[in-house]
Amino acid sequence: MTSVTLGSLGEKIRLHSRCFCPNVLFINVPENAEGASKVWRQGTKNAPTFSCRSIISRSPPQAVASEISTTEPKATTTLTYEEKMLRNYVPIFVMLPLGVITVDNVLEDKDKLVKELKELRAAGVDGVMIDVWWGIIESKGPKQYDWTAYRSLFQAVQERGLKLQAIMSFHQCGGNVGDVVTIPLPQWVLDIGESDPDIFYTNLKGNRNPEYLTLGVDNRRLFSGRTAVEIYSDYMKSFRENIADFLETGLIIDIEVGLGPAGELRYPSYPESQGWVFPGIGEFQCYDKYLQADFKEAATAAGHPEWELPDNAGEYNDAPESTEFFKSNGTYLTEKGKFFLTWYSNKLLSHGDQILDEANKAFVGCKLKLAAKVSGIHWWYKADNHAAELTAGYYNLKDRDGYRPIARMLSRHRAILNFTCLEMRDSEQSADAKSAPQELVQQVLSGGWRENIEVAGENALSRYDSTAYNQILLNARPNGINRDGQPKLRMYGVTYLRLSDELLQKTNLNLFKTFVKKMHADQDYCPDPKKYNHHLGPLERSKPEISIEQLLEATKAEDAFPWDKETDMSVSGGLLSNLIGKLFSLFK
């Protein structure tokens, strides 16, 4: 193994002498970087300690390009030009409509769906994503599951030759950006909430949010003798048992585990149902009696029984500087403020880890991957306080990475980090919101790659224009394609939001087809994922737990990997790109 310095990344690179692609560089942690144990132990000795559930122990993470594979492809010198280009292929999925299965558990208008699936397949799409709603499946009572409509849907997808990403949607549909239908939590759960409203997330004023159970009840037997985590676990086990034939055929390639509102690992800090509008900072959601008791226990254990939850962080639509908590030199920078924010974000890490562990147990041995979604809260990112991220549970500041600890937690479950807002550019946002979606995407994806996990993503809002498509293409391959093999950086996959009549309108569909082709590096649809270095073996059991202290070591801020300014696979430069590609193929 030899080391060289690669100027564009500014880091040492280790080249493996046994590498199967001699022209491809694999990024590894420098010998003197965070991989060294003495560096690992720095930066957290003053962090507060909580009675949080321990999360995981493992070897130091590595900064890698993005190709995480245990199967070595053929040597580069033996590959054809097309085979080399396939190493740049990023599969593209399309999210199905929210209400494709109705709240009454019926697959409505199957004929229309089949026609649309055929159009997607003809467009070169690799697969589709679908919400599998808890509020539909277990609506009749505890452990009374009805998978009939979803089985019919899965059969239709399989017959069209598409793959499937299934979301375990433990949240309500309705009340968030883009929600066009309403699918509440199961009625028997809402009935429990009538007598004990503290099972729901609660803001300072006492407003309850019934779109997801508070993580404060994760391990409390309040649901006919079960805890919330046991409910989620039983649901996933039932899914495996009742969808076993589709798992065996390889239809389902990943299970995205819902971990919060909108299926995202976060608190419901910016609910439209309670009057939030962009770019409000949102509100902390930890005032149910269970989380209040947890915080009091943590503060007492830290020697500060007098500390209370914040009462000066403003309201949903405030600007940061109008609050005592987020203003310059505000509470968030004090010892008390840092303690609260660390506790608040750590609870989210523990919540995600525990449920993913249950998901791993449910699907171990299946040929698929687990995934978890993180929200793209890009407004106030340029402000020192990052207020909107903090209220959502992402303790992210200029000198503290709030996302890499999530990636490190996901690494023990070998889970994909799915991120949003891939289509957004800074220049499209209002200056008043101090928004920076591009920098946010770069930070989160880089953190995932440094933790040696796969990263995927999706657009936050429906877009049908070349500007949005080109930004997604840039994020999918931040340093462009490599005509000699796999690129240094490549996303694992992209899911387009979402299937609609507008997408299938002729002009929009034609541009979308070009976008799909560019995601595929100008190659035809490839039915064999191994050819683009995706190897789906049986899901292994999660790795040993990582302690909260080790997770917090990942908060050390680092610069993101460098991104090109524009994609080299522009949808608007199709003719020139195709001509260059053909010329390359002639000389290979």
Side-chain angles (χ1 to χ4, degrees), residues 66-67 85-97 116-130 157 160-167 250-254 256 368-369 371 373 416-424 441 445 454-478 480-481 486-487 489-500 502-504 508-534 536 567-572 574 577:
S66 74
E67 299 307 325
M85 288 298 290
L86 274 173
R87 302 286 187 222
N88 299 269
Y89 188 107
V90 177
I92 180 79
F93 300 82
V94 174
M95 190 173 293
L96 295 184
E116 292 173 339
L117 292 175
K118 286 180 179 178
E119 291 193 74
L120 292 179
R121 181 74 287 285
V125 167
D126 296 271
V128 294
M129 176 179 274
I130 178 69
V157 172
R160 304 287 82 75
L162 295 161
K163 296 297 184 182
L164 186 71
Q165 299 172 315
I167 310 172
L251 169 68
I252 301 170
I253 60 167
D254 72 54
E256 183 171 294
L368 51 75
K369 287 182 177 288
K373 186 177 175 183
I416 301 166
L417 191 161
N418 185 23
F419 197 61
T420 61
C421 72
L422 294 187
E423 84 283 12
M424 294 184 176
V441 168
L445 268 55
E454 302 282 15
V455 296
E458 58 191 54
N459 50 306
L461 304 173
S462 294
R463 295 274 296 269
Y464 311 99
D465 58 286
S466 58
T467 300
Y469 288 144
N470 286 338
Q471 188 62 29
I472 295 173
L473 284 160
L474 173 61
N475 289 322
R477 290 181 293 259
I481 62 169
Q486 67 187 37
L489 300 173
R490 183 187 69 165
M491 294 187 72
Y492 191 75
V494 168
T495 300
Y496 176 80
L497 185 151
R498 80 179 56 247
L499 176 62
S500 65
E502 192 170 2
L503 173 65
L504 298 179
N508 289 340
L509 184 59
N510 285 338
L511 186 59
F512 180 74
K513 288 178 180 178
T514 302
F515 167 63
V516 171
K517 187 82 168 181
K518 297 302 178 183
M519 288 291 296
H520 292 167
D522 275 337
Q523 303 305 295
D524 292 333
Y525 162 75
C526 179
D528 183 4
K530 293 186 181 69
K531 291 185 178 180
Y532 48 88
N533 208 21
H534 280 198
L536 275 182
T567 179
D568 59 350
M569 277 273 161
S570 170
V571 296
S572 50
S577 178

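In this text, all values refer to a predicted model and were calculated from it rather than measured experimentally.
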inquiry  = Using only atom types and a distance under 3.5 Å, with no angle test, would you say the side chain of N459 pairs donor to acceptor with the backbone of I472?
reply    = no
task = For E423, enumerate each residue passing the salt bridge (charged side-chain N to carboxylate O under 4.0 Å, His left out) test, keeping only those at least two apart in sequence or located in another chain.
result = none
ask   = With distance as the sole criterion, is a donor-acceptor pair present between the side chains of N470 and S570 under 3.5 Å?
value = yes
ask   = Short question: side chain of D254, backbone of L368 - any donor-acceptor pair under 3.5 Å?
value = no
key: Ring geometry between F515 and F512 (parallel below 30°, tilted from 30 to 60°, perpendicular above 60°)   = tilted
inquiry  = I want to check something: taking the side chain as every heavy atom from C-beta on, are L120 and Y496 in contact at a cut-off of under 4.5 Å?
reply    = no
task = Go through the structure and list residues passing side-chain contact (heavy atoms from CB on, under 4.5 Å) with S462, not counting sequence neighbours.
result = Y464, L497
query = Is R490 reaching over with its side chain to a backbone N or O of R87, donor-acceptor style, under 3.5 angstrom?
reply = yes
Which residues share a salt bridge (charged side-chain N to carboxylate O under 4.0 Å, His left out) with R160, sequence neighbours left out = none
ask   = With no hydrogens and no angle check, do the side chains of Y89 and D126 hold a donor and an acceptor under 3.5 Å apart?
value = yes
remark   = In terms of heavy-atom contacts, I252 and A166 come closest through CG2-CB, 4.4 Å
message = Give me the atom names and distance for the closest heavy-atom approach of Y525 to H520.
response = CA-ND1, 4.2 Å
message = Tell me whether E502 contacts the main-chain N or O of S500 through its side chain, where contact means a donor paired with an acceptor under 3.5 Å.
response = no
